[in-house]
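The block underneath contains the structure these notes are about, expressed in structure tokens.
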Amino acid sequence: VQLQASGGGLVQAGDSLRLSCAASVSLGGMGWFRQAPGQERESVAVINWSGTSIYYDRSVKGRFTISRDNAKNTVYLQMNSLSPEDTAVYYCAGNTIYSGSILLHTANYDTWGQGTLVTVSS
């Protein structure tokens, strides 16, 4: 199973970016996590297999939107009103849990993408 993330880049504060993550197979829960230098990897947004349950970290709620297209085995992260605090490597992840639950911890995901760097300048 492979996850291919794309869409990162260098933007200015207030700009938008859309991250995409394509899976080689159908997956259950999927999510976006990020890791800034010297910090632990943290959950940003996760979505269950049907798209009916979604979680956002409070730091991105109202600015980021996670969505998925199961026909394309792809999950997206629309990021608006970016700030320098959003600068990090963003990772997509997936698991094989098909339930209504949303899982926030990195240990709940066994498939990870390679990461895409998002840099927001002030």
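What you see below is based on every heavy atom in this structure, not just the backbone, and it leaves out hydrogens, waters and symmetry mates.
Scanning both residues, T116 and A5, for their nearest heavy atoms gives CG2-CB, 4.4 Å. Among all heavy-atom pairs drawn from T52 and S50, the shortest one is OG1-OG, 2.8 Å. Closest approach of Y109 and L103 over heavy atoms only: OH-O, 2.5 Å. Closest heavy-atom contact between Y76 and S20: CD2-OG, 3.4 Å. For the pair S122 and A13, the tightest heavy-atom approach, listed with the atom from each and the gap, is CA-CB, 4.4 Å. Between D86 and R63, the shortest heavy-atom distance links the atoms OD2-NH1, 2.8 Å.
Partner of F33 under the ring pair (Phe, Tyr, Trp, His ring centres under 6.0 Å) criterion, out of Y91, Y55, W112: W112 alone. For the side chain to side chain contact (heavy atoms under 4.5 Å, CB included) test with L17, the passing option among L77, V11, N80 is V11; the others fail.
The hydrophobic cluster containing L104 does not contain W32, counting ILVMFWY residues as joined when their side-chain heavy atoms lie under 4.5 angstrom apart, directly or transitively. No chain of hydrophobic side-chain contacts below 4.5 Å, direct or via other Ile, Leu, Val, Met, Phe, Trp or Tyr residues, connects I97 to I47. Criterion: ILVMFWY side-chain heavy atoms under 4.5 Å apart, direct or through other members. Under it, I102 and Y56 are not part of a common hydrophobic cluster. By the criterion of side-chain heavy atoms lying less than 4.5 angstrom apart, applied directly or through intervening Ile, Leu, Val, Met, Phe, Trp or Tyr residues, V89 is not grouped with L10; the two fall into different hydrophobic clusters.
Although no hydrogens or angles enter the test, the distance criterion places no donor-acceptor pair under 3.5 Å between the side chain of S101 and the main chain of S99. The backbone N or O of G51 sits less than 3.5 Å from a side-chain atom of N48, completing a donor-acceptor pair. Of the possible donor and acceptor atoms, one in the side chain of N95 sits under 3.5 Å from a partner among the backbone N and O of G29.
Within the 4.5 Å cutoff, side-chain heavy atoms of V120 are placed close to those of V118. Y90 has its side chain out of reach of C21: every pair of non-hydrogen atoms, C-beta onward, lies at least 4.5 Å apart. Counting heavy atoms from C-beta on, the side chains of N108 and V46 never come closer than 4.5 Å.
With rounding to the nearest 0.5 Å, the separation of SG in C92 from CZ in R68 is 11.5 Å. Taken from CD in Q78 to CD1 in I66, the straight-line distance is 12.5 Å, to the nearest 0.5 Å. How far CZ of F64 is from CG of L82: 5.0 Å, rounded to the nearest 0.5 Å. To the nearest 0.5 Å, atom CD of residue E42 and atom OG1 of residue T106 are 11.0 Å apart. Note: R18 CZ to M79 CE = 11.5 Å, rounded to the nearest 0.5 Å. One distance of note links CZ of R41 with CZ of R34; it measures 13.5 Å at 0.5 Å rounding.
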Candidate pair L3 and L27, rule side chain to side chain contact (heavy atoms under 4.5 Å, CB included), full reasoning: CA-CA 10 Å; L3 295 177; L27 291 172; 3.7 Å; yes

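Other residues, nucleotides and ligands contribute only 12 or fewer heavy atoms inside 6.0 Å of the CD atom of Q2.
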